[in-house]
Amino acid sequence: MNEDKHAAPAAVPFAEDQDTYWHTTTHIMAQAVCRLFPGAKYAIGPTIEEGFYYDFDIGRNFLPEDLESIEAEMKKILKEDHPVEHALWTKDEALAFFEKGGQIFKAELIRGLPDDKVSIYRQGEFTDLCRGPHLKQTGLVKHFKLLSFSGAYWRANDKGPKLQRIYGISYRDKGQLAEFVRRRAEAEKRDHRRLGVELDLYGMDETIGGGLVLYHPKGSALRGVIEDFLKRAHRKLGYQYIYSPHMANANLWKISGHYENYKENMYFTEIEEQEFGIKPMNCPFHIQVYRSHLRSYRELPIRYFELGTVYRFERSGVLHGLLRVRGFTQDDAHIFCRESQLTDEIIGVLDFVRSVLRLFGFSYTVGVGTRPQKFMGDPGLWDRATDALVKALNAQGIEHKIHDGDGAFYGPKIDVALKDALGRSWQGPTIQVDFNLPQRFGLEYVAEGGGREQPVMIHRAILGSLERFIGCLIEHYAGDFPVWLAPIQARVIPVSAEAAGDFPKEVMSELRAADIRFDVDDREESLGKRIRAAELEKIPVVAVIGNREAQARSVNVRRRGKKDQEVLSLGEFVEGIRREAGLPEGEIGS
RNA sequence: GCCAACGUAGCUCAGACGGUAGAGCAACGCACUCGUAAUGCGUAGGUCGGCGGUUCGAUUCCGCCCGUUGGCUCCA
């Protein structure tokens, strides 16, 4: 993908937009690296969504202090204000030049280019293969910051040469750079790993193992609400709720193809000379439910839904809070239908996904993953399956990108990506069309004429996994959950034991009767301190009850983040919070 | 798995040329009985991530392991 940058020269060699600005900055960084590390080999240096990076081989790893000296050298290059020159060289000229300089990565890139002329940029002593455009002078770059460095692989191949990547950002305006830094700090405050501890939602435990989540009571409350919501929504949309075991005899995984194609992600165990695999997916179980008796076309589509907990081995370096774990629960369903019903079913799922994401207020991007290198079945069926997905997306007017080779091993998929606080995308909802598993398991139903036909399967998840979704949700709301999701919806604070008498107890029993998740803070601490604690815990409704309230049988209500309070009668208070606390009605499947 | 950084009390963090450690908040106790983001005083809390090595002595130096963080590769 990055090589595309070199594929053809840009329409104009020079420009001034933000992307160009970053691009020139990354060249300046490369120039500085080459000065400080003679013999440095530079590979590729594209811009990214925010900023840029460049990959190098300097014969050793970068150290934190290297970033400082590189920054200092870059400042010099800005000051020297080199003009940036553009040229078109023949491939042979360019190859000769870069090979002479030992720039093996550039030479490899040039060999892969289709045209005879290649686009070259030069600033001072630094020459790079680059499609451009660039700024006209290095001095035009004003404010920049190198952010981090890490290992990377040449051409994203972990068997290939290992490179060192440096990330950076730059802006014309000093304020913009300051704003960037401020935004990053802000995002850190929303980080679900930080809020997960602060709000006591969940924990990880190294004695238990990496990537395995412990839901504390508050996180469990949140998850419980989401599960209730999902169960109800699925019921409304014609899904049947099922349960299946967490492991199965290896024979099942051999039939499904997981043993062949997914083994490296699975946990296995052996007992009484039988091999068992812990489930990384729920589909084979749902298939066995389908197979439990003979089906008629009249029953189709059959939709089985499960909150299925799966375990996948993930390499230790990729684990990331709740967003990438080893054990997670999918809101997983499998739809068994006729091929003629496929498009309608996919459209139905897309609608479901859209309304759920709208309910939570997520923005998202959609991609279609096509046949991967490791796949099973007939490529012709893959094409039909992919067509069905694309057709449904087009029918719904949903913008999407094609991600070549990103499908599951049994079928192509629609992937919906959600963003975290730092703007990183995480796959959530997914819809996959599968002709293969029905074939491998010999699924069938009786058609109109009495003959046997094979159903098609749709694998789909609306949220994806509860863990990842909850992680995104925490960041999305910055922990300030709306009342219906809040682990603790209300806190009762008696001003003092004497002043309020028994009235707080009455309030609590009303809240209990209304099925509100509430607690009490009757510690012998100052009112101010207890209000502060409630705010820090991000509890949406605080009910203060003192003398005045007890007398008037009212409640003083303080909403999270609002200084102004409202005095409501006990009845109004409970009714008001009850209305807000329930699952949103009529949103899904109406 | 790869590259780098980090791991001290529940949380946020100090600290010592190697002589077994502190602060704030939280917790707990006592006093105060309080009106909307921190009342005061006190107490307790740590085999300084784990294992091994060097040393009279290691939390500090070295090695290995585990975990976390930022990326890479891979994925919900």
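In what follows, every heavy atom counts, from backbone to side chain, and hydrogens, waters and symmetry copies are set aside. Below, read A as the first sequence line, B as the second, and so on, with proteins coming before strands; counting in each chain starts at 1.
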| request: Could you check whether A:E264 gets within reach of a base, just the sugar-phosphate, or nothing at all, counting any heavy atom under 4.0 Å? | output: nothing
| Side chain of A:R532: nearest nucleotide among B:rC72, B:rG35, B:rA37? | B:rA37
| field | Distance, P atom - from B:rU73 to B:rG53, rounded to whole angstrom | value | 41 Å
| According to the interplanar angle, ranging from 0 to 90°, do the rings of A:Y239 and A:H234 count as parallel (below 30°), tilted (30 to 60°) or perpendicular (above 60°)? | perpendicular
| request: Can you figure out which of B:rC34, B:rG71, B:rC11 approaches the side chain of A:V197 most closely? | output: B:rC11
| request: Looking only at side-chain atoms of A:R193, point me to the closest of B:rU33, B:rU69, B:rU36. | output: B:rU69
| Whether A:H258 and A:W253 hold their rings parallel, tilted or perpendicular, with breakpoints at 30° and 60° | perpendicular
| query | OP1 or OP2 of B:rC72 less than 4.0 angstrom from a side-chain nitrogen or oxygen of A:Y167, does that happen here? | reply | yes
| task | Using the P atoms only, state how far B:rG40 lies from B:rC25, rounded to an integer number of Å. | result | 9 Å
| message | Side-chain N or O of A:H320 versus OP1/OP2 of B:rC75: is the shortest distance under 4.0 Å? | response | no
| request: Answer with base, sugar-phosphate or nothing: what part of the nucleic acid does A:L536 contact at a heavy-atom distance below 4.0 Å? | output: base
| request: Report the relative orientation of the aromatic rings in A:F360 and A:F362; use parallel for angles under 30°, tilted for 30 to 60°, perpendicular for over 60°. | output: tilted
| request: Determine the Euclidean distance between corresponding P atoms of B:rU8 and B:rU68; express it in Å to zero decimal places. | output: 14 Å
| If each of A:V542 and A:G405 is mapped to the nucleotide of RNA chain B with the nearest heavy atom, which maps nearer the 5' terminus, i.e. the 5' end? | A:V542
| query | Quick one: A:N261 CG to B:rC75 P, roughly how many Å, whole number? | reply | 13 Å
| field | Donor-acceptor pair, side chain of A:E549 and main chain of A:S554, under 3.5 angstrom | value | no
| request: Can you tell me the distance, in whole Å, between the NZ atom of A:K563 and the P atom of B:rA37? | output: 4 Å
| field | B:rA44 to B:rG49 separation - P atoms, rounded to the nearest Å | value | 24 Å
| said: Taking donor-acceptor contacts at under 3.5 Å, does the side chain of A:E524 reach the base of B:rC32? | reply: yes
| To the nearest angstrom, how far is A:M204 atom CE from B:rG10 atom P? | 19 Å
| said: Reading RNA chain B from 5' onward, which residue's closest nucleotide shows up sooner: A:G327 or A:G317? | reply: A:G317
| Pairwise P distance for B:rU12 and B:rC17, with rounding to whole Å | 26 Å
| query | With distance as the sole criterion, do the side chain of A:Y153 and the base of B:rG71 form a donor-acceptor contact below 3.5 Å? | reply | no
| said: Measuring to OP1 and OP2 of B:rU39, would you say a side-chain N or O of A:S526 lies under 4.0 angstrom away? | reply: yes
| query | Is there a donor on the side chain of A:R315 or the base of B:rC75 sitting less than 3.5 Å from an acceptor on the other? | reply | no
| query | Cation-pi between A:K263 and A:F268: NZ/CZ under 6.0 Å from ring centre and within 45° of the ring axis? | reply | yes
Would you list the protein and nucleotides 4-8 of chain B atom pairs, both N or O, that sit under 3.5 Å from each other?
from, atom 1, to, atom 2, distance (Å)
B:rA4, OP1, A:N61, ND2, 2.5

| message | Between P on B:rG40 and CD on A:E525, what's the gap in Å once rounded to a whole number? | response | 10 Å
| message | Classify A:N556 by what it touches in the nucleic acid, base, sugar-phosphate, or nothing, heavy-atom distance under 4.0 Å. | response | base
| field | From B:rU36, B:rA37, B:rG71, nucleotide with atom closest to A:Q565 side chain | value | B:rU36
| field | Inter-nucleotide C1' distance (B:rC48, B:rG19), Å rounded | value | 15 Å
| request: Measure from the ring center of A:H459 to the ring center of A:Y410 and say whether it is less than 6.0 Å. | output: yes
| task | Using atom CG of A:L323 as one end and atom C1' of B:rG71 as the other, report the distance to the nearest whole Å. | result | 16 Å
| task | Verify the ring-centre separation between A:Y311 and A:Y267: is it less than 6.0 angstrom? | result | no
| Residue pair A:K145 / A:F180, side-chain heavy-atom distance below 4.5 Å | no
| said: Are the side chains of A:R184 and A:V181 in contact, using a 4.5 Å heavy-atom criterion? | reply: no
| message | Is the distance from the ring center of A:Y241 to that of A:Y243 below 6.0 Å? | response | yes
| How close do A:L418 and A:C472 get, heavy atom to heavy atom, and via which atoms? | CB-SG, 4.2 Å
| said: Check whether A:R312 reaches the backbone of A:P280 with its side chain - one donor and one acceptor, N or O, closer than 3.5 Å. | reply: yes
| query | Which one, B:rC72, B:rC34, B:rG35, comes nearest to the side chain of A:A152? | reply | B:rC72
| message | So, under a plain 3.5 Å distance rule, would you say the side chain of A:E314 forms a donor-acceptor pair with the base of B:rG1? | response | no
| task | Check every strand shown and say whether A:R523 touches a base, only sugar-phosphate, or nothing at a heavy-atom separation below 4.0 Å. | result | sugar-phosphate
| message | How many whole angstroms separate atom CZ of A:R326 from atom C1' of B:rG67? | response | 11 Å
| Atom-to-atom span, CD1 of A:I208 to P of B:rC66 - whole angstrom | 18 Å
| said: Mind checking if A:K562 touches a base, just sugar-phosphate, or nothing, with heavy atoms under 4.0 Å? | reply: nothing
| request: Mind calculating the distance between NZ (A:K374) and P (B:rC75) to the nearest angstrom? | output: 11 Å
| message | Output the pairing pattern of RNA chain B as a dot-bracket string, 5' first, Watson-Crick or G-U wobble with both distances under 3.5 Å, | for cross-strand pairs, [ ] for crossing pairs. | response | (((((((..((((.....[..)))).(((((.......))))).....(((((..]....))))))))))))....
| query | Base, sugar-phosphate, or nothing: which does A:V325 touch, judged by heavy atoms less than 4.0 Å apart? | reply | base
| query | With rounding to whole Å, what would you report as the distance between B:rG46 and B:rC65 at their P atoms? | reply | 30 Å
| Closest listed nucleotide, where the reference is the side chain of A:K529 and the choices are B:rU39, B:rG1, B:rC75 | B:rU39
| Any side-chain heavy-atom pair from A:D57 and A:P161 closer than 4.5 angstrom? | no
| query | How far does the P atom of B:rU54 sit from the matching atom of B:rC66, given to the nearest Å? | reply | 23 Å
